[in-house]
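Read through the structure below, which is laid out as C-alpha coordinates, and then see the notes.
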Protein chains: 2
Amino acid sequence: MTNTTSAKATALLAALKEKGHRTTKTRSLVISYLVQTEHPVAAHDLITMLKKQGRDVNKTTVYRELLFLKDEGIINEIDLLEGQKRYELADPHHHHHHLVCTKCKSIRCVEMPNDLDALEQRIKKQHHFHVTGHILEFFGLCKKCTR
Amino acid sequence: MTNTTSAKATALLAALKEKGHRTTKTRSLVISYLVQTEHPVAAHDLITMLKKQGRDVNKTTVYRELLFLKDEGIINEIDLLEGQKRYELADPHHHHHHLVCTKCKSIRCVEMPNDLDALEQRIKKQHHFHVTGHILEFFGLCKKCTR
DNA sequence: CTCCATGCAAACACTTTGCATCAAG
DNA sequence: CTTGATGCAAAGTGTTTGCATGGAG
(Lines give C-alpha, C1' and ligand atoms only; values in the text may rest on other atoms or scores of the structure.)
Protein backbone atom coordinates (compact mmCIF):
# COMPACT_ATOMS: atom_id res chain seq x y z
CA MET A 1 0.00 0.00 0.00
CA THR A 2 2.46 2.64 -1.16
CA ASN A 3 1.85 6.30 -1.73
CA THR A 4 3.23 6.33 -5.23
CA THR A 5 0.82 7.07 -7.99
CA SER A 6 1.20 4.64 -10.84
CA ALA A 7 1.21 5.64 -14.48
CA LYS A 8 -2.22 4.14 -14.89
CA ALA A 9 -3.63 6.10 -11.96
CA THR A 10 -2.07 9.28 -13.33
CA ALA A 11 -3.65 8.66 -16.70
CA LEU A 12 -7.08 8.14 -15.17
CA LEU A 13 -6.78 11.31 -13.12
CA ALA A 14 -5.67 13.25 -16.18
CA ALA A 15 -8.63 11.96 -18.17
CA LEU A 16 -10.99 13.04 -15.42
CA LYS A 17 -9.40 16.47 -15.24
CA GLU A 18 -9.86 16.76 -18.97
CA LYS A 19 -13.57 16.32 -18.40
CA GLY A 20 -13.65 19.09 -15.82
CA HIS A 21 -13.36 16.99 -12.67
CA ARG A 22 -10.96 17.84 -9.93
CA THR A 23 -7.94 16.01 -8.67
CA THR A 24 -8.50 15.79 -4.95
CA LYS A 25 -6.25 14.07 -2.45
CA THR A 26 -9.00 11.57 -1.71
CA ARG A 27 -9.67 10.90 -5.36
CA SER A 28 -6.00 10.26 -6.11
CA LEU A 29 -5.65 7.92 -3.17
CA VAL A 30 -8.79 5.99 -4.04
CA ILE A 31 -7.84 5.58 -7.68
CA SER A 32 -4.24 4.65 -6.83
CA TYR A 33 -5.49 2.07 -4.41
CA LEU A 34 -7.96 0.55 -6.84
CA VAL A 35 -5.33 0.39 -9.54
CA GLN A 36 -2.86 -1.54 -7.46
CA THR A 37 -5.24 -3.76 -5.51
CA GLU A 38 -5.85 -7.11 -7.05
CA HIS A 39 -9.13 -7.99 -5.37
CA PRO A 40 -12.40 -6.08 -5.20
CA VAL A 41 -12.72 -3.69 -2.26
CA ALA A 42 -15.68 -2.59 -0.18
CA ALA A 43 -16.45 1.00 0.84
CA HIS A 44 -15.28 0.10 4.32
CA ASP A 45 -11.87 -1.00 3.03
CA LEU A 46 -11.37 2.35 1.37
CA ILE A 47 -12.25 4.25 4.52
CA THR A 48 -9.69 2.19 6.45
CA MET A 49 -7.08 2.71 3.76
CA LEU A 50 -7.66 6.47 3.70
CA LYS A 51 -7.41 6.67 7.50
CA LYS A 52 -4.07 4.87 7.33
CA GLN A 53 -2.89 7.39 4.77
CA GLY A 54 -3.82 10.18 7.13
CA ARG A 55 -7.06 11.20 5.43
CA ASP A 56 -9.92 11.14 7.90
CA VAL A 57 -12.66 11.18 5.28
CA ASN A 58 -16.34 10.91 5.86
CA LYS A 59 -18.03 7.76 4.63
CA THR A 60 -20.36 9.88 2.51
CA THR A 61 -17.39 11.10 0.53
CA VAL A 62 -16.25 7.57 -0.12
CA TYR A 63 -19.70 6.44 -1.25
CA ARG A 64 -19.99 9.47 -3.48
CA GLU A 65 -16.55 8.92 -4.93
CA LEU A 66 -17.42 5.30 -5.71
CA LEU A 67 -20.66 6.37 -7.35
CA PHE A 68 -18.75 8.95 -9.33
CA LEU A 69 -16.11 6.50 -10.51
CA LYS A 70 -18.80 3.99 -11.40
CA ASP A 71 -20.67 6.57 -13.46
CA GLU A 72 -17.42 7.50 -15.16
CA GLY A 73 -16.99 3.85 -16.08
CA ILE A 74 -13.72 3.62 -14.19
CA ILE A 75 -14.85 0.97 -11.76
CA ASN A 76 -17.37 -1.86 -11.67
CA GLU A 77 -19.67 -2.78 -8.86
CA ILE A 78 -19.91 -6.41 -7.90
CA ASP A 79 -21.80 -8.37 -5.31
CA LEU A 80 -20.43 -11.52 -3.70
CA LEU A 81 -23.41 -12.22 -1.46
CA GLU A 82 -21.80 -10.55 1.54
CA GLY A 83 -24.41 -7.91 2.19
CA GLN A 84 -22.16 -5.18 0.91
CA LYS A 85 -20.97 -4.13 -2.49
CA ARG A 86 -17.43 -4.34 -3.77
CA TYR A 87 -15.68 -2.35 -6.43
CA GLU A 88 -12.84 -3.01 -8.79
CA LEU A 89 -11.18 -1.31 -11.67
CA ALA A 90 -13.12 -1.76 -14.90
CA ASP A 91 -10.60 -3.30 -17.20
CA PRO A 92 -12.11 -4.81 -20.35
CA HIS A 93 -8.76 -6.31 -21.29
CA HIS A 94 -8.67 -8.35 -18.14
CA HIS A 95 -12.11 -9.90 -18.00
CA HIS A 96 -12.18 -12.07 -14.93
CA HIS A 97 -14.22 -13.77 -12.26
CA HIS A 98 -13.76 -14.55 -8.60
CA LEU A 99 -13.07 -17.58 -6.50
CA VAL A 100 -14.69 -16.96 -3.14
CA CYS A 101 -13.62 -19.29 -0.35
CA THR A 102 -16.63 -20.09 1.81
CA LYS A 103 -14.37 -20.90 4.77
CA CYS A 104 -11.73 -18.17 5.03
CA LYS A 105 -13.70 -15.68 2.89
CA SER A 106 -10.71 -14.96 0.70
CA ILE A 107 -11.37 -13.64 -2.77
CA ARG A 108 -9.16 -14.44 -5.68
CA CYS A 109 -9.44 -13.37 -9.28
CA VAL A 110 -9.18 -15.67 -12.26
CA GLU A 111 -8.94 -14.47 -15.80
CA MET A 112 -10.87 -16.44 -18.37
CA PRO A 113 -11.21 -14.59 -21.63
CA ASN A 114 -14.11 -15.51 -23.92
CA ASP A 115 -15.24 -18.11 -21.42
CA LEU A 116 -18.93 -17.58 -21.97
CA ASP A 117 -19.10 -16.39 -25.54
CA ALA A 118 -20.60 -19.65 -26.76
CA LEU A 119 -23.17 -19.64 -23.98
CA GLU A 120 -24.19 -16.09 -24.72
CA GLN A 121 -24.62 -16.88 -28.39
CA ARG A 122 -26.89 -19.75 -27.44
CA ILE A 123 -28.96 -17.51 -25.21
CA LYS A 124 -29.39 -14.98 -27.96
CA LYS A 125 -30.60 -17.60 -30.41
CA GLN A 126 -32.83 -19.52 -28.05
CA HIS A 127 -34.33 -16.74 -25.99
CA HIS A 128 -33.91 -13.62 -28.11
CA PHE A 129 -32.21 -12.03 -25.13
CA HIS A 130 -29.35 -9.69 -25.97
CA VAL A 131 -26.66 -10.26 -23.35
CA THR A 132 -24.61 -7.18 -22.53
CA GLY A 133 -22.86 -8.51 -19.46
CA HIS A 134 -22.73 -11.25 -16.90
CA ILE A 135 -21.57 -12.04 -13.42
CA LEU A 136 -19.93 -15.34 -12.70
CA GLU A 137 -18.57 -16.12 -9.30
CA PHE A 138 -17.37 -19.42 -7.96
CA PHE A 139 -17.79 -20.49 -4.37
CA GLY A 140 -15.84 -23.28 -2.72
CA LEU A 141 -12.68 -24.04 -0.79
CA CYS A 142 -9.35 -22.40 -1.53
CA LYS A 143 -6.05 -24.24 -1.59
CA LYS A 144 -5.30 -23.57 2.07
CA CYS A 145 -8.74 -24.51 3.34
CA THR A 146 -8.88 -27.74 1.36
CA ARG A 147 -6.16 -29.48 3.36
CA MET B 1 -51.68 -18.04 -7.65
CA THR B 2 -54.10 -20.72 -6.53
CA ASN B 3 -54.66 -21.99 -3.06
CA THR B 4 -54.12 -25.61 -3.95
CA THR B 5 -51.17 -27.33 -2.41
CA SER B 6 -49.22 -29.29 -4.99
CA ALA B 7 -47.85 -32.77 -4.45
CA LYS B 8 -44.37 -31.37 -4.22
CA ALA B 9 -45.35 -28.84 -1.58
CA THR B 10 -47.13 -31.54 0.40
CA ALA B 11 -44.03 -33.72 0.31
CA LEU B 12 -41.82 -30.89 1.53
CA LEU B 13 -44.21 -30.11 4.38
CA ALA B 14 -44.37 -33.77 5.34
CA ALA B 15 -40.58 -34.02 5.39
CA LEU B 16 -40.40 -30.99 7.66
CA LYS B 17 -43.02 -32.41 9.97
CA GLU B 18 -41.00 -35.61 10.15
CA LYS B 19 -38.14 -33.54 11.51
CA GLY B 20 -40.32 -32.03 14.19
CA HIS B 21 -41.23 -28.80 12.46
CA ARG B 22 -44.77 -27.57 12.38
CA THR B 23 -47.13 -27.09 9.48
CA THR B 24 -48.39 -23.57 9.83
CA LYS B 25 -50.72 -21.79 7.49
CA THR B 26 -47.97 -19.34 6.61
CA ARG B 27 -45.44 -22.08 6.00
CA SER B 28 -47.78 -23.99 3.68
CA LEU B 29 -48.59 -20.87 1.71
CA VAL B 30 -44.95 -19.86 1.36
CA ILE B 31 -43.84 -23.29 0.25
CA SER B 32 -46.74 -23.69 -2.15
CA TYR B 33 -45.97 -20.33 -3.64
CA LEU B 34 -42.27 -21.06 -4.05
CA VAL B 35 -43.02 -24.41 -5.64
CA GLN B 36 -45.26 -22.97 -8.31
CA THR B 37 -43.45 -19.71 -8.99
CA GLU B 38 -41.01 -19.84 -11.80
CA HIS B 39 -38.87 -16.85 -10.93
CA PRO B 40 -37.03 -15.96 -7.70
CA VAL B 41 -39.08 -13.96 -5.20
CA ALA B 42 -38.13 -11.29 -2.67
CA ALA B 43 -39.35 -11.15 0.92
CA HIS B 44 -41.61 -8.31 -0.11
CA ASP B 45 -43.29 -10.45 -2.76
CA LEU B 46 -44.14 -13.07 -0.19
CA ILE B 47 -45.65 -10.52 2.17
CA THR B 48 -47.85 -9.24 -0.67
CA MET B 49 -48.85 -12.76 -1.65
CA LEU B 50 -49.74 -13.66 1.94
CA LYS B 51 -51.83 -10.50 2.32
CA LYS B 52 -53.73 -11.42 -0.84
CA GLN B 53 -54.39 -14.85 0.63
CA GLY B 54 -55.82 -13.21 3.71
CA ARG B 55 -52.82 -13.75 5.98
CA ASP B 56 -51.69 -10.46 7.46
CA VAL B 57 -48.28 -11.70 8.57
CA ASN B 58 -45.52 -9.66 10.06
CA LYS B 59 -42.42 -9.17 7.93
CA THR B 60 -40.35 -10.72 10.69
CA THR B 61 -42.21 -13.97 10.24
CA VAL B 62 -41.49 -13.98 6.54
CA TYR B 63 -37.79 -13.29 7.02
CA ARG B 64 -37.61 -16.00 9.66
CA GLU B 65 -39.44 -18.46 7.45
CA LEU B 66 -37.04 -17.76 4.61
CA LEU B 67 -34.07 -18.25 6.90
CA PHE B 68 -35.58 -21.48 8.13
CA LEU B 69 -36.23 -22.83 4.64
CA LYS B 70 -32.73 -21.84 3.60
CA ASP B 71 -31.21 -23.66 6.56
CA GLU B 72 -33.32 -26.69 5.72
CA GLY B 73 -31.90 -26.60 2.22
CA ILE B 74 -35.32 -26.15 0.68
CA ILE B 75 -34.59 -22.82 -0.93
CA ASN B 76 -31.58 -20.96 -2.24
CA GLU B 77 -30.76 -17.32 -1.74
CA ILE B 78 -29.66 -15.33 -4.75
CA ASP B 79 -28.65 -11.77 -5.35
CA LEU B 80 -29.28 -9.95 -8.61
CA LEU B 81 -27.72 -6.64 -7.61
CA GLU B 82 -31.06 -5.11 -6.68
CA GLY B 83 -30.33 -4.29 -3.05
CA GLN B 84 -32.53 -7.11 -1.85
CA LYS B 85 -32.24 -10.87 -1.78
CA ARG B 86 -34.36 -13.27 -3.73
CA TYR B 87 -35.24 -16.86 -3.02
CA GLU B 88 -36.14 -19.83 -5.13
CA LEU B 89 -36.72 -23.50 -4.63
CA ALA B 90 -33.49 -25.44 -4.40
CA ASP B 91 -33.81 -27.97 -7.16
CA PRO B 92 -30.58 -29.72 -8.12
CA HIS B 93 -32.32 -31.36 -11.07
CA HIS B 94 -33.10 -28.03 -12.61
CA HIS B 95 -29.83 -26.17 -12.40
CA HIS B 96 -30.41 -22.80 -14.00
CA HIS B 97 -29.38 -19.19 -14.31
CA HIS B 98 -31.17 -15.92 -14.87
CA LEU B 99 -31.57 -13.44 -17.66
CA VAL B 100 -32.08 -10.06 -16.06
CA CYS B 101 -33.37 -7.33 -18.33
CA THR B 102 -31.69 -4.06 -17.45
CA LYS B 103 -34.55 -2.08 -18.94
CA CYS B 104 -37.82 -3.63 -17.75
CA LYS B 105 -36.18 -5.48 -14.83
CA SER B 106 -37.81 -8.76 -15.81
CA ILE B 107 -36.17 -11.95 -14.65
CA ARG B 108 -36.27 -15.13 -16.65
CA CYS B 109 -34.76 -18.51 -15.90
CA VAL B 110 -32.71 -20.53 -18.35
CA GLU B 111 -31.69 -24.10 -17.72
CA MET B 112 -28.23 -25.04 -18.82
CA PRO B 113 -27.13 -28.35 -17.36
CA ASN B 114 -23.40 -29.02 -17.05
CA ASP B 115 -22.69 -25.63 -18.55
CA LEU B 116 -19.69 -24.87 -16.43
CA ASP B 117 -18.32 -28.29 -15.63
CA ALA B 118 -15.35 -27.87 -17.93
CA LEU B 119 -14.56 -24.46 -16.48
CA GLU B 120 -14.72 -25.77 -12.94
CA GLN B 121 -12.37 -28.61 -13.77
CA ARG B 122 -9.91 -26.10 -15.16
CA ILE B 123 -10.13 -24.00 -12.02
CA LYS B 124 -9.46 -27.01 -9.84
CA LYS B 125 -6.36 -27.95 -11.81
CA GLN B 126 -4.96 -24.47 -12.25
CA HIS B 127 -5.76 -22.91 -8.91
CA HIS B 128 -6.27 -25.85 -6.55
CA PHE B 129 -9.62 -24.33 -5.68
CA HIS B 130 -12.41 -26.79 -5.02
CA VAL B 131 -15.57 -25.33 -6.52
CA THR B 132 -18.76 -26.26 -4.70
CA GLY B 133 -21.09 -23.83 -6.37
CA HIS B 134 -21.35 -20.82 -8.58
CA ILE B 135 -23.62 -17.98 -9.50
CA LEU B 136 -24.02 -16.98 -13.10
CA GLU B 137 -26.43 -14.27 -14.10
CA PHE B 138 -26.76 -12.59 -17.42
CA PHE B 139 -27.72 -8.96 -17.85
CA GLY B 140 -28.97 -7.42 -21.02
CA LEU B 141 -32.12 -6.69 -22.99
CA CYS B 142 -35.06 -9.07 -23.18
CA LYS B 143 -36.99 -9.83 -26.34
CA LYS B 144 -39.55 -7.09 -25.74
CA CYS B 145 -37.05 -4.39 -24.87
CA THR B 146 -34.80 -5.11 -27.82
CA ARG B 147 -37.24 -3.90 -30.42
C1' DC C 1 -14.54 33.66 -7.56
C1' DT C 2 -16.87 29.58 -9.27
C1' DC C 3 -18.23 25.14 -8.90
C1' DC C 4 -16.98 20.64 -7.73
C1' DA C 5 -16.03 18.18 -3.56
C1' DT C 6 -16.78 17.44 1.35
C1' DG C 7 -18.66 16.92 6.18
C1' DC C 8 -22.41 16.20 9.10
C1' DA C 9 -26.74 14.67 10.44
C1' DA C 10 -30.56 12.55 9.23
C1' DA C 11 -33.16 9.59 6.35
C1' DC C 12 -33.59 5.14 3.87
C1' DA C 13 -34.21 0.24 2.63
C1' DC C 14 -33.69 -4.15 3.89
C1' DT C 15 -32.89 -7.36 7.44
C1' DT C 16 -32.18 -9.08 12.25
C1' DT C 17 -32.90 -9.48 17.37
C1' DG C 18 -35.17 -9.58 22.10
C1' DC C 19 -38.88 -10.71 24.43
C1' DA C 20 -43.50 -11.70 25.46
C1' DT C 21 -47.49 -14.25 23.53
C1' DC C 22 -49.77 -17.71 20.70
C1' DA C 23 -50.94 -22.06 18.89
C1' DA C 24 -49.65 -26.87 16.59
C1' DG C 25 -49.07 -31.39 18.04
C1' DC D 1 -48.61 -28.74 28.26
C1' DT D 2 -44.44 -28.07 25.57
C1' DT D 3 -41.93 -25.91 22.42
C1' DG D 4 -41.81 -24.13 17.82
C1' DA D 5 -43.99 -20.10 15.49
C1' DT D 6 -45.44 -15.29 15.64
C1' DG D 7 -46.04 -10.20 16.47
C1' DC D 8 -44.22 -5.95 17.77
C1' DA D 9 -40.87 -2.64 18.57
C1' DA D 10 -36.39 -1.55 18.35
C1' DA D 11 -31.85 -2.03 16.74
C1' DG D 12 -28.42 -3.00 13.00
C1' DT D 13 -26.06 -2.54 8.59
C1' DG D 14 -24.95 -0.63 4.39
C1' DT D 15 -26.08 3.20 1.59
C1' DT D 16 -28.16 7.72 0.15
C1' DT D 17 -29.80 12.66 0.56
C1' DG D 18 -30.18 17.73 1.91
C1' DC D 19 -27.84 21.48 2.95
C1' DA D 20 -24.25 24.41 4.36
C1' DT D 21 -19.14 24.83 4.08
C1' DG D 22 -14.60 24.14 2.03
C1' DG D 23 -11.08 24.08 -1.47
C1' DA D 24 -9.22 23.09 -6.47
C1' DG D 25 -8.58 25.53 -10.61
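Keep in mind that this is a model prediction, so the values were computed, not measured. Proteins get letters first, then strands, A, B, ... in listed order; numbering begins at 1 in each.
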Worksheet item: Going through the distances and angles, do B:His134 and A:His98 end up as a ring pair (Phe, Tyr, Trp, His ring centres under 6.0 Å)?
Response: CA-CA 10 Å; B:His134 62 246; A:His98 304 100; over 10 Å; no

Fill in: Side-chain heavy-atom pair A:Phe68, A:Leu16 within 4.5 angstrom cut-off
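In short, these two side chains touch, coming nearer than 4.5 Å.
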
Worksheet entry | 4.5 Å side-chain heavy-atom contact, B:Leu46 and B:Val57 |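 They are not in contact (no side-chain heavy atoms under 4.5 Å apart), so the answer is no.
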
Practice prompt. Assign each of B:Ala43 and A:Arg27 to its nearest nucleotide of DNA chain C by heavy atoms, then name whichever residue's nucleotide is nearer the 5' end.
Written response: A:Arg27

Discussion item. Tell me whether the side-chain N/O atoms of B:Lys85 come closer than 4.0 Å to OP1 or OP2 in C:dC14.
Written reply: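 Looking at the OP1 and OP2 atoms of C:dC14, neither is under 4.0 Å from any side-chain N or O of B:Lys85.
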
Worksheet item: Can you tell me if the side-chain N/O atoms of A:Thr26 get under 4.0 Å from OP1 or OP2 in C:dT6?
Response: yes

Mind calculating the distance between [atom1] ([X]) and [atom2] ([N]) to the nearest angstrom?
| X | N | atom1 | atom2 | value |
| --- | --- | --- | --- | --- |
| A:Asp79 | C:dC14 | CG | C1' | 13 Å |
| B:Asn58 | C:dT15 | CG | P | 14 Å |
| A:Lys25 | D:dG25 | NZ | P | 12 Å |
| B:Tyr87 | C:dC14 | OH | P | 12 Å |
| B:Leu13 | D:dA5 | CG | P | 12 Å |
| B:Lys19 | D:dA5 | NZ | P | 12 Å |
| B:His44 | C:dA13 | NE2 | C1' | 12 Å |
| B:Asp56 | D:dT6 | CG | C1' | 13 Å |

Fill in: Residue-level proximity of residues 59-78 of chain B to DNA chain D when a heavy atom falls under 4.0 Å
B:Thr60, B:Thr61, B:Arg64, B:Glu65

Worksheet entry | Considering all heavy atoms, the nearest A:Thr102-A:Lys105 contact |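 Where A:Thr102 meets A:Lys105 most closely, the heavy atoms are O-NZ, 3.4 Å.
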
Worksheet item: Distance only, no hydrogens: is a donor on one side chain within 3.5 Å (strictly under) of an acceptor on the other, for B:His97 and B:Glu111?
Response: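 Absent: no donor and acceptor within the cut-off.
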
Discussion item. If we count only N and O atoms by modelled type, under 3.5 Å, do the side chains of A:Lys143 and B:His127 hold a donor and an acceptor together?
Written reply: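 No, no side-chain donor-acceptor contact under 3.5 Å.
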
Item to complete: Check if the side chain of B:Arg22 and the base of D:dG4 share a donor-acceptor pair of N or O atoms closer than 3.5 Å.
Response: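 Under the 3.5 Å cut-off, the side chain and the base do form a donor-acceptor pair.
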
Item to complete: Answer with yes or no after comparing the ring centroid distance for B:His39 and B:His96 against a 6.0 Å cut-off, counting only values under it.
Response: no

